[in-house]
Amino acid sequence: MLHDFKHNTNFVADNQPVLIEPPLMDGSELPLIATGEGIPMEQNCFNCHPGKITQCFRGAMYTAGQKCDDCHGGMLATGGEFVLDTGLVREPWVDEPKCSSCHSGHGNDPVGMLAYDPDDPAATPIEMADSRFAENPGTLYRNSLDNHAGIACEACHGSPHAIWPNRDLNANDNVTAIQLQGHAGTISECRVCHEANSFPNGTLNGPHGMHPVNDPNWIKSKGDFYHEDFVWLNGEDQCAACHGADHRGTRLSRVPVDRVLKDADGVVRATLAAGEIVSCGLCHSIDKSFEG
Ligand code: HEC
Ligand code: HEC
Ligand code: HEC
Ligand code: HEC
Ligand code: HEC
Ligand code: HEC
Ligand code: HEC
């Protein structure tokens, strides 16, 4: 079952797997604790890591059906048996999976289901450092800070294995977000930290390049500047990453909660239910949204 890949020779002298399925230790065949598609975590990582009852892994990626090995690789990969694509040997506690391996930063891309190349037995994390959603270079998620204000990623998303929201609305993991912004999930309401009307002229300098949300001045201010002035900033479509190249909306332009969107004159421009996607054709034609 071992492929012809480069082994980490200074790790195990005889290249023999050290973790054996206990009942099969009869000396003849020594299979590893198996991982992969269709093999539940209870049969591998949960033998030792607190999961079956403690549920250390329980956040958004659990809800999405992911398993330990989809991010970390199997036993040999985590055990550092193979040389990484980088030519280095995996360093425990340091070389861990990355959010950006699966979250490319473009709402039209499907979200990845595997954080490494399936043909790489070392499970080297896919590098996508230019992703809008990348950790700081060479830094673990839990030590990374966002680009807008130096706020810890964890402050808006929770801890790595319990990324908000938890699928159980009443779970403790959801309490922080519900208390701060009235709904579970990523902290996305600017008013959690900024006063109302903090951005009278609009901005794209929120977390991950976000604009103000549920903010009348962004929809149509009384002054000169509102969202239309940001579409072609720097000559490139600034809205495409989250609203799609066709401006019809993607999973990155969903409202997390029911919204009644008013402009600065108090005129209701649109009403949306939680989970609906904001298309640029919601309040005016799609064609118009490419002007400006
Ligand atoms: C036989 C028991 C056992 C199994 C099975 C097991 N682990 Fe571990 N794991 C440990 C122990 C013990 C440590 C702590 C090692 C230390 O303190 O350095 C650990 C540490 C880790 C670490 C942190 C250190 C590092 O290498 O970065 C990760 C990540 C990890 N395990 C992932 C996994 C994954 C993924 C699986 C399933 C594919 C798994 N483990 C299966 C016992 C196990
Ligand atoms: C969606 C991807 C993902 C899945 C699935 C996942 N992990 Fe992790 N894991 C990570 C990331 C990211 C880190 C690095 C944490 C950090 O940056 O602070 C990590 C770190 C760890 C560590 C090191 C200790 C720590 O908290 O840093 C252990 C141990 C670990 N994971 C075990 C597991 C086990 C066991 C499972 C399955 C029950 C699992 N992981 C499932 C992404 C994942
Ligand atoms: C192995 C791939 C993978 C990795 C690594 C990964 N994710 Fe995800 N993530 C997913 C998938 C798949 C979904 C579900 C997408 C969907 O709903 O269409 C998801 C969903 C999410 C959501 C949306 C939750 C919601 O319901 O609104 C957030 C937030 C998120 N991930 C943050 C993170 C963070 C932070 C990290 C790093 C700690 C991370 N992800 C690492 C695959 C991954
Ligand atoms: C101030 C709050 C805040 C901080 C801090 C923050 N984020 Fe986010 N994050 C958001 C918001 C809001 C979104 C949703 C963007 C969207 O849906 O278009 C998001 C989306 C994401 C997603 C994509 C989720 C999905 O559904 O595809 C990932 C991955 C992510 N962030 C990772 C990170 C990482 C890594 C850091 C730290 C470097 C970080 N975030 C810091 C607010 C924050
Ligand atoms: C978790 C708290 C938090 C959230 C949520 C948050 N911010 Fe911030 N933001 C800060 C902090 C702290 C600063 C730094 C203030 C300073 O340096 O004086 C900042 C600074 C800024 C700045 C630069 C300074 C300024 O006031 O012009 C902009 C622009 C900004 N945030 C936009 C946003 C937008 C848009 C959102 C919502 C999508 C948002 N922020 C959500 C905490 C937050
Ligand atoms: C980082 C992702 C992201 C980018 C980039 C982005 N949007 Fe959005 N947009 C969203 C999300 C998420 C929502 C839903 C916000 C909400 O109401 O919760 C949204 C909603 C809106 C709304 C409706 C108001 C609202 O608060 O819901 C308008 C108008 C809008 N976007 C315009 C733009 C324009 C114009 C651009 C480009 C200049 C742009 N967006 C770029 C993520 C993004
Ligand atoms: C919540 C309602 C709403 C949404 C969603 C919305 N807009 Fe607008 N937009 C307006 C309003 C109001 C105006 C002012 C002109 C009008 O009344 O049509 C406007 C005007 C514009 C203009 C100026 C058009 C002109 O004739 O000069 C552009 C460009 C534009 N929007 C781009 C976008 C883009 C790009 C998106 C999506 C990313 C978007 N809009 C989403 C409400 C919205």
Side-chain angles (χ1 to χ4, degrees), residues 18-20 22 33-35 41 43-49 60 67-80 90-100 102-105 107 109 111 123 131-136 139 141 143-157 163 185-190 192-193 206-211 213 218-220 226-232 237-244 247-254 256 259 261-263 265 267-270 272 278-292:
V18 281
L19 287 166
I20 316 294
I33 294 174
T35 54
M41 297 178 282
Q43 288 175 25
N44 39 60
C45 315
F46 280 170
N47 276 320
C48 307
H49 287 275
K67 303 188 288 122
C68 317
D69 51 309
D70 294 331
C71 288
H72 288 277
M75 293 300 295
L76 289 177
T78 23
R90 177 174 184 275
E91 196 180 332
W93 307 105
V94 172
D95 291 322
E96 302 293 357
K98 297 176 194 301
C99 318
S100 46
C102 299
H103 293 275
S104 73
D109 293 349
V111 183
S131 163
R132 191 180 278 272
F133 303 124
E135 292 88 343
N136 305 150
T139 309
Y141 166 82
N143 297 328
S144 292
L145 309 175
D146 90 344
N147 55 350
H148 113 282
I151 296 176
C153 311
E154 291 194 319
C156 295
H157 292 289
I163 298 295
T186 307
I187 302 293
S188 65
E189 309 281 347
C190 319
V192 166
C193 307
H208 309 300
M210 270 297 298
H211 52 72
V213 304
W218 177 245
I219 293 168
K220 178 80 179 75
Y226 66 106
H227 69 265
E228 75 147 325
D229 302 288
F230 293 83
V231 185
W232 297 105
D237 188 338
Q238 302 294 308
C239 320
C242 302
H243 291 273
H247 283 190
R248 289 179 192 279
T250 74
R251 56 180 296 281
L252 288 178
S253 62
R254 278 179 309 192
R259 295 257 193 242
L261 296 173
K262 293 181 185 164
D263 65 21
D265 291 320
V267 179
V268 174
R269 295 289 184 161
L272 291 164
V278 176
S279 157
C280 300
L282 188 65
C283 312
H284 45 64
S285 69
I286 289 273
D287 285 351
K288 200 167 175 175
S289 75
F290 283 98
E291 292 167 16

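Whatever order the structure lists ligands and atoms in, that order sets their numbers, starting from 1. The basis for the numbers below is simple: all heavy atoms, side chains too, and nothing from hydrogens, waters or symmetry mates. By convention here, the first residue in the shown sequence is residue 1.
- Side-chain contact check for E96 versus R90: some heavy-atom pair is nearer than 4.5 Å.
- Looking only at heavy atoms of the protein, atom 12 (C) of ligand 7 is closest to R269 CZ, 3.3 Å.
- For the pair S188/P256, a side-chain contact is recorded, criterion being any heavy-atom separation below 4.5 Å from C-beta on.
- For ligand 4, the atoms sitting less than 4.0 Å from at least one non-hydrogen atom of S188 are 12 (C), numbered in the order shown with element in parentheses.
- For ligand 1, the atoms sitting less than 4.0 Å from at least one non-hydrogen atom of G73 are 38 (C), numbered in the order shown with element in parentheses.
- Around atom 8 (Fe) of ligand 4, the protein atoms of type N, O or S found under 2.8 Å away are H157 NE2, H208 NE2, listed by chain and number.
- Not a single donor-acceptor pair under 3.5 Å links the side chain of S100 to the backbone N or O of F133.
- In this structure, the side chain of R259 does not engage the main chain of L272 through any donor-acceptor pair within 3.5 Å.
- The N/O atoms of L252, backbone and side chain alike, include one that comes under 3.5 Å of an N/O atom in ligand 4.
- For the pair D287 (side chain) and F290 (backbone), a donor-acceptor distance under 3.5 Å is absent.
- Remark: ligand 4 atoms within the under-4.0 Å shell around heavy atoms of A152 are 5 (C).
- Of all protein N, O or S atoms, those under 2.8 Å from atom 8 (Fe) of ligand 7 number 2.
- The protein non-hydrogen atom at the shortest distance from atom 26 (O) of ligand 4 is R251 NH2, 2.9 Å.
- Under a 4.0 angstrom heavy-atom cut-off, Y226 registers as being in contact with ligand 7.
- Distances from atom 37 (C) of ligand 1 to the heavy atoms of A34, G74, A77, C45 show the closest one on C45.
- In terms of modelled atom types and a separation under 3.5 Å, the side chain of N44 and the main chain of A34 share a donor-acceptor contact.
- Nearest approach of Q43 to I33, heavy atoms of both residues: O-CG2, 3.6 Å.
- Protein heavy atoms are absent from the 4.0 Å sphere centred on atom 14 (C) of ligand 4.
- Short contacts between ligand 7 and H247, defined as distances under 4.0 Å to a heavy atom of the residue, involve ligand atoms 35 (C).
- Contacts of A155 with ligand 4, taken as heavy-atom pairs under 4.0 Å, are absent altogether.
- When atom types are taken as modelled, the side chain of T250 and the backbone of G244 share no donor-acceptor pair closer than 3.5 angstrom.
- The ligand atoms of ligand 4 that sit less than 4.0 angstrom from a heavy atom of H103 are 23 (C), 24 (C), 25 (C), 27 (O), 29 (C).
- Between G107 and ligand 4 there is no heavy-atom distance shorter than 4.0 Å.
- Residues C190 and V213 come closest through the heavy atom pair SG-N, 3.6 Å.
- The contact set between ligand 7 and V278, taken as ligand atoms under 4.0 Å from a residue heavy atom, comprises 5 (C).
- Taken from SG in C193 to CD1 in I187, the straight-line distance is 8.0 Å, to the nearest 0.5 Å.
- Which parts of ligand 4 touch I187 is read off a 4.0 Å heavy-atom cut-off, strictly below it: atoms 2 (C), 12 (C), 42 (C).
- For ligand 1, the atoms closer than 4.0 angstrom to any heavy atom of H72 are 29 (C), 35 (C).
- Ligand 1 has an N or O atom lying under 3.5 Å from an N or O atom of W93, backbone or side chain.
- Below 4.0 Å from some heavy atom of T35 lie the following atoms of ligand 1, by number and element: 38 (C).
- Side chain of N136 to backbone of L145: a donor-acceptor contact under 3.5 angstrom is found.
- Contact check on R269 versus D263 returns a salt bridge, with a Lys/Arg side-chain nitrogen under 4.0 Å from an Asp/Glu carboxylate oxygen.
- The minimum heavy-atom distance between G249 and S253, with the atom names listed, is CA-OG, 3.5 Å.
- The distance from the OH atom of Y141 to the CD atom of E135 is 8.5 Å, given to the nearest 0.5 Å.
- Listed here is the closest heavy atom pair of Y226 and I219: CD1-O, 3.2 Å.
- Taking each heavy atom of P97 and C71 in turn, the nearest pair found is CG-O, 3.4 Å.
- Of the possible polar contacts, none joining the H157 side chain to the T186 backbone as a donor-acceptor pair under 3.5 Å is found.
- To the nearest 0.5 Å, atoms CG (L282) and CZ (R248) are separated by 12.5 Å.
- Contact annotation for D69 and ligand 1: no heavy atom of the residue comes within less than 4.0 Å of the ligand.
- Counting the atoms of ligand 1 from 1 in the order shown, those under 4.0 Å from a heavy atom of C48 are 1 (C), 2 (C), 3 (C), 4 (C), 5 (C), 42 (C), 43 (C).
- Two residues are said to be in side-chain contact when any heavy atoms from C-beta on lie closer than 4.5 Å; H208 and D146 fail this criterion.
- Side-chain N or O atoms of H247 include none that pairs as donor or acceptor with a backbone N or O of G281 at under 3.5 Å.
- When all heavy atoms of G105 and S131 are compared, the pair lying nearest together is N-OG, 3.9 Å.
- Residue contact check: N44 has heavy atoms under 4.0 Å from atoms 5 (C) of ligand 1.
- Nearest protein neighbour of atom 29 (C) of ligand 7, counting heavy atoms only, is E291 O, 3.0 Å.
- Between S289 and V231, the closest side-chain pair of non-hydrogen atoms is not below 4.5 Å.
- More than 12 heavy-atom neighbours from other residues, nucleotides or ligands sit within 6.0 angstrom of NZ on K220.
- Near E96, with a cut-off below 4.0 Å to any heavy atom, the atoms of ligand 1 are 25 (C), 27 (O), 29 (C).
- At least one N, O or S atom of H49, from either the backbone or the side chain, sits less than 2.8 Å from atom 8 (Fe) of ligand 1.
- The shell of residues lying under 4.0 angstrom from ligand 1, judged by heavy atoms, excludes M41.
- Interface atoms of ligand 4 facing L145, defined by a heavy-atom separation under 4.0 Å, are 38 (C).
- Those atoms of ligand 4 that come under 4.0 Å of a heavy atom in I151, given as number and element, are 5 (C).
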